[in-house]
Number of protein chains: 2
Amino acid sequence: MAVTLRDIAEKAGVHPSTVSRILHNNQTVKISEETRKQVIAIAEELDYQPNELARAFRLRKTQTIGLIIPDISNSFFSGISHSIEMQSYSAGYNLVVCNTNENSEKELKYVRNLINRGVDGLIIATCQNDEKYFLELARKKIPFVLVDRFFDNLDSNAVYSDNKQSAFRAVETLANLGHKRIGFLRGRSGLSTIKLRLQGYLDAINLLNLDHDPQLIAGDGFTVEDGYQATKSLLKLSAPPTALLTSGNRIVIGAMQTIKEFNLKLPDDLSIIAYTDNPYTPYLACPLTTISHPLAEMGEKAVDILMQKIHNPKDKATSRIEVGTKFSIRESIAALNR
Amino acid sequence: MAVTLRDIAEKAGVHPSTVSRILHNNQTVKISEETRKQVIAIAEELDYQPNELARAFRLRKTQTIGLIIPDISNSFFSGISHSIEMQSYSAGYNLVVCNTNENSEKELKYVRNLINRGVDGLIIATCQNDEKYFLELARKKIPFVLVDRFFDNLDSNAVYSDNKQSAFRAVETLANLGHKRIGFLRGRSGLSTIKLRLQGYLDAINLLNLDHDPQLIAGDGFTVEDGYQATKSLLKLSAPPTALLTSGNRIVIGAMQTIKEFNLKLPDDLSIIAYTDNPYTPYLACPLTTISHPLAEMGEKAVDILMQKIHNPKDKATSRIEVGTKFSIRESIAALNR
DNA sequence: GAAATGAATGCAATCGTTTGCATTTAGAAT
DNA sequence: ATTCTAAATGCAAACGATTGCATTCATTTC
C-alpha cells in the first residue's frame, strides 16, 4: 500500500499530526528544525505521496475545476479549453472536462455531478436557453463563470464577446458592398448569444434599409449538417440571398459543402462572413472573412475570475468581461455586381 | 450544509448504515420494503446528494479517468478527446484532461498528480521518448492505455495506427507519380510513432530507389512555426524536394504558409501528402491528400480497454489495437513534370 | 417449550489527513 | 524553590460513507 503520514510518523517517532504540519507547512504552529529535517528526510526516503483524496475530503477543497462545454472537438471550444487548462495548471488546479453536445439536460446532470464531486468552481459554456438554473447555482455558493454564452439578465460572472456589435458590423460591411439580401445562418436560436447576434443583424437590416425577410434567417443548430441544410434552404428560395453571415464553426463547413454542390463561386456568386476564425481559414479555396475570438484571452480571463471568486468566497460582486472580436477581411466578400 | 446519510437516518429513525445500504443498493444485506420506501422518500424530500468525495475516499474509487495529451487545441487530439469523454460519460466516469504541450517532465508531473488524486485509470498520448517511465507505472498497478503514441518494446495496452505502412504507402504513391526527391516534415524526432513513420519513409526510399538524402528529413517539432521553418529549409536546398510528406496537423499549416511565401503553386510546383485530415481539408485552396485517423474509434477503443482493465484488475494481459488509417486522395499531389 | 434459524438492523471501526486544544518540557522570572 | 511562559509536540475528534460482525426479534423446527 501507499505510504501514509502514519508510516512516516512511526519511523520518525513522532505523531502523524506533526508530520502533517511539517509536510504541508502549516505556519500556525512551530516545529523544531531538527524534527522538521528528519521528517522531511524520511518522507523523501519513503517517497511519500499525499493522498489528495483524503486531503480534499478533509479540507473540502479539491483543487479541481469543472469545465462544461458543448463540444471539445469544435476548435472554438478546444481553443478556449486549452487556455483554461494551462491557466488552471499554473494555479494548481486540475480540470474536469464535460461535453454536453448542446443537450441542456446533460449539462444539468454534469453540474450536479461535478458539485457532488466537490469541484471548487465551474466554467460553463452553457446550452441552457434561460438563466433559471443559474440562480439556483448561485444560491448554492459554487463559484462559476459563464464563458462565451451568458445571460443579459443574470448577474453572474461571465466572459463573452461583442455579439451584437460584431453581427451589426458584418451586415454593415456587406451592405456597403451593395448587398441587400443577407442570409443569417444563426445556429441554435434559443441561445442568448445567438439572440444578440440576431439583434445586431436585424438592427443593421432595419437601419440600413436592407431586405427584411424572415426566410433569410435559417437553421437551428451548430452542426455541419445544420449548416448544410440551412444553406440549401436559403439557396433554394425564389429570391436567394447574395450574402451570408454564419454563426458557428461547423456551420460554415456545411455551407461550403452546399455551395460546392450548387456550383457557386465565392465570392462572386455569394459573399460570406463567418463567425470564428481558425488556422485553416487563410488557406481555403476562398479564404473566409471572419469575426474571430481571442480564445486564449477568453480562457485566461475566465480562470482569473474564477480564482478570484474561489479565493474570496465572501466577495459577492460579479465580474463580467466583454472581449473584443477581430474582423479579418479576406476574400470571401465582394461587391454585388447585378 | 449538505444533507448527509446521518440526516436521513435521524429523520427516518434508523442507522446511517441502513440508509447507505438502501441508497447505494448493497445487495448483500436485506432491508424490509417498508423502511426502504420510507428512507427513499425522505432522501428525495431532503434532496440528498451523496458526497462523492467521501465515497471515493472510502471506496478507493473515484470514477474518474485521467487523459494526458500534448494539446487539446489540436484537432487530432480534441477529436480523440471528444470521443473519450463521451465514452467515459456513458461508463459513468469523469474525465480530467491535462495538456503537456509536448513537455515530458510536465507529463510525469501530471501522471503523479493524477495518481495522487486517485484516478481509476489513465489514457495517455505520451511525449516520452522512451518507455522507461511506463514500466514503473505498470508496477504501480494503475491501469493505463497509450493512445496514438506507443512503444514497440513495451508490453502495454495501446491503441495506435499503422504508422509505418501509411508512411510507406504515401511515399510509394508519390514515387508512382514520378517523384524522386521527397521531403519528410517529420515532427518530433524522438517519438516512437515518428520513428516508425520515418522507417516507412526510408523503407520506401530504399525499395523504390528514390533519392536518399538526410537533408530531406526536416523539423523536430509539431508547431505551425516548426512546419514553417522546416519547409523553408527544404525549399532553400540547392536541390529542393518535389514532394512532401508532413507529419502532424499543425505542421502542414506552416508548410502552406511557406509555400505561399515562396509563391509556389500546389500541386504543380510541389506535391503534399499530410498526416491527418480535418473538416477543412476538402475546402482548401488545394485540397490536401491526407492520411486520416479514425479519431472516434481510437477514443472508443481506448476507453473500452481501460474499462476492461479497471473492472478486471487481476487480468494481467495487455490489449493492443492497431487501427487502420484512410488514404484520402485529393488535389495536392500531381505527376512530376520535369 | 427450548433451540435453531434467519431476517432486519445497529454498532463501531475505518479510509488519511487536519486542527483545536491539551500536555509536556525547558528555561526564565520571581 | 516555586511559578510562569512559551516552545514543541501529542491527543483525539472530525470529515461522510461503507461494511464485517454483533445484536435483536420473530418465526420455525423438533
Side-chain angles (χ1 to χ4, degrees), chain A residues 1-40 42-43 46-64 112-113 115-120, chain B residues 1-40 42-43 46-64 92 112-120:
Chain A
M1 289 309 295
V3 178
T4 69
L5 286 186
R6 172 175 278 129
D7 298 329
I8 299 176
E10 269 171 25
K11 190 148 187 183
V14 297
H15 195 267
S17 62
T18 305
V19 181
S20 169
R21 287 192 256 251
I22 291 170
L23 263 32
H24 298 104
N25 54 293
N26 178 327
Q27 269 91 349
T28 63
V29 170
K30 288 186 184 169
I31 304 284
S32 75
E33 203 48 40
E34 194 186 7
T35 45
R36 159 168 276 115
K37 283 196 172 155
Q38 193 205 358
V39 164
I40 290 177
I42 293 177
L46 300 183
D47 188 29
Y48 168 70
Q49 297 295 329
N51 181 328
E52 297 293 352
L53 215 48
R55 298 194 72 209
F57 171 49
R58 169 65 222 238
L59 297 174
R60 300 172 166 287
K61 187 93 179 46
T62 51
Q63 296 292 118
T64 299
R112 164 163 304 195
N113 174 261
I115 290 176
N116 291 349
R117 283 161 185 267
V119 294
D120 299 330
Chain B
M1 289 308 297
V3 177
T4 69
L5 284 187
R6 171 174 279 129
D7 297 329
I8 299 176
E10 270 172 24
K11 190 145 185 185
V14 298
H15 196 267
S17 62
T18 305
V19 181
S20 169
R21 289 191 254 251
I22 292 170
L23 263 33
H24 299 103
N25 55 292
N26 179 325
Q27 271 92 346
T28 63
V29 170
K30 288 187 183 168
I31 304 283
S32 75
E33 204 48 41
E34 193 185 7
T35 43
R36 160 169 276 116
K37 283 198 171 151
Q38 192 204 359
V39 164
I40 290 177
I42 293 177
L46 300 182
D47 188 29
Y48 168 71
Q49 297 294 328
N51 181 329
E52 297 293 351
L53 216 46
R55 298 194 72 209
F57 171 50
R58 170 65 222 242
L59 296 174
R60 301 174 166 285
K61 188 94 179 39
T62 51
Q63 295 293 119
T64 299
R112 164 162 304 194
N113 173 261
L114 290 172
I115 290 177
N116 291 348
R117 282 161 184 267
V119 294
D120 299 330

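As the structure is a prediction and not an experimental result, all values here were calculated from the model.
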Return the value, rounded to whole Å, for the distance between atom [atom1] of [X] and atom [atom2] of [N].
{"X": "Arg36(B)", "N": "dA8(C)", "atom1": "CZ", "atom2": "C1'", "value": "11 Å"}
{"X": "Gln49(A)", "N": "dT17(C)", "atom1": "CD", "atom2": "C1'", "value": "15 Å"}
{"X": "Glu33(A)", "N": "dA7(D)", "atom1": "CD", "atom2": "C1'", "value": "14 Å"}
{"X": "Ile22(B)", "N": "dT18(D)", "atom1": "CD1", "atom2": "P", "value": "12 Å"}
{"X": "Leu59(A)", "N": "dG20(C)", "atom1": "CG", "atom2": "P", "value": "12 Å"}
{"X": "Leu5(B)", "N": "dT19(D)", "atom1": "CG", "atom2": "C1'", "value": "13 Å"}
{"X": "Glu10(A)", "N": "dG16(C)", "atom1": "CD", "atom2": "C1'", "value": "14 Å"}
{"X": "Gln38(A)", "N": "dA8(D)", "atom1": "CD", "atom2": "P", "value": "15 Å"}

Worksheet item: What residue among Ile42(A), Ile22(A), Ile8(A), Val19(A) forms side-chain contact (heavy atoms from CB on, under 4.5 Å) with Val14(A)?
Response: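 One option only clears the test, and that one is Val19(A).
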Worksheet entry | Sole candidate of Asn51(A), Leu53(A), Thr64(A) that passes side-chain contact (heavy atoms from CB on, under 4.5 Å) when paired with Arg117(B) |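 Testing Arg117(B) for a side-chain contact (heavy atoms from CB on, under 4.5 Å) against Asn51(A), Leu53(A), Thr64(A) leaves exactly one candidate, Thr64(A).
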Worksheet item: Is a side-chain N or O of Asn116(A) found less than 3.5 angstrom from the main chain of Asn113(A), in a donor-acceptor match?
Response: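 Not a single qualifying donor-acceptor pair exists.
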Could you list, one pair per line, each protein nitrogen or oxygen that sits under 3.5 Å from a nitrogen or oxygen of nucleotides 12-15 of chain C, together with the distance?
residue	atom	partner	partner atom	Å
dT14(C)	O2	Arg58(B)	NH1	2.9
dC15(C)	O3'	Arg60(B)	NH2	2.5

Phosphate contact ([N] OP1 or OP2) by [X] side-chain N/O below 4.0 Å:
{"X": "His24(A)", "N": "dT17(C)", "result": "no"}
{"X": "Tyr48(A)", "N": "dG16(C)", "result": "no"}
{"X": "Arg55(B)", "N": "dT18(D)", "result": "yes"}
{"X": "Ser32(B)", "N": "dA8(C)", "result": "no"}
{"X": "Thr35(B)", "N": "dT9(C)", "result": "yes"}
{"X": "Thr4(A)", "N": "dG16(C)", "result": "no"}
{"X": "Arg21(B)", "N": "dT18(D)", "result": "no"}

Worksheet item: Is it true that atom CD of Glu33(A) has more than 12 heavy atoms of other residues, nucleotides or ligands lying nearer than 6.0 Å?
Response: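 For Glu33(A), atom CD is crowded (more than 12 foreign heavy atoms under 6.0 Å).
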Fill in: Residues, nucleotides or ligands: over 12 heavy atoms within 6.0 Å of Lys61(A) NZ
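Yes.
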Worksheet item: So what does Gly118(A) touch, heavy atoms closer than 4.0 Å: a base, only the sugar-phosphate, or nothing?
Response: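 Since no nucleic acid heavy atom lies under 4.0 Å of Gly118(A), the category is nothing.
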Worksheet item: Within the structure shown, what part of the strands sits under 4.0 Å from Leu53(B) by heavy-atom distance: base, sugar-phosphate, or nothing?
Response: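 Counting heavy atoms under 4.0 Å across all strands, no contact is made by Leu53(B).
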For nucleotides 4-6 of chain C, tabulate all protein N/O to nucleotide N/O atom pairs closer than 3.5 Å, reporting atom names and distance.
none

Practice prompt. Specify whether Tyr48(A) and His24(A) have parallel, tilted or perpendicular ring planes, treating 30° as the upper limit for parallel and 60° as the lower limit for perpendicular.
Written response: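 It falls in the perpendicular class, over 60°.
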Under 4.5 Å between any side-chain heavy atoms of [X] and [Y], yes or no?
{"X": "His15(A)", "Y": "Thr18(A)", "answer": "yes"}
{"X": "Ile40(B)", "Y": "Leu23(B)", "answer": "yes"}
{"X": "Asp47(A)", "Y": "Gln49(A)", "answer": "yes"}

Worksheet item: In terms of side-chain heavy atoms, does Ser17(B) have a donor or acceptor partner in Ser20(B) at a distance below 3.5 Å?
Response: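 Note: Ser17(B) and Ser20(B) side chains miss the donor-acceptor criterion.
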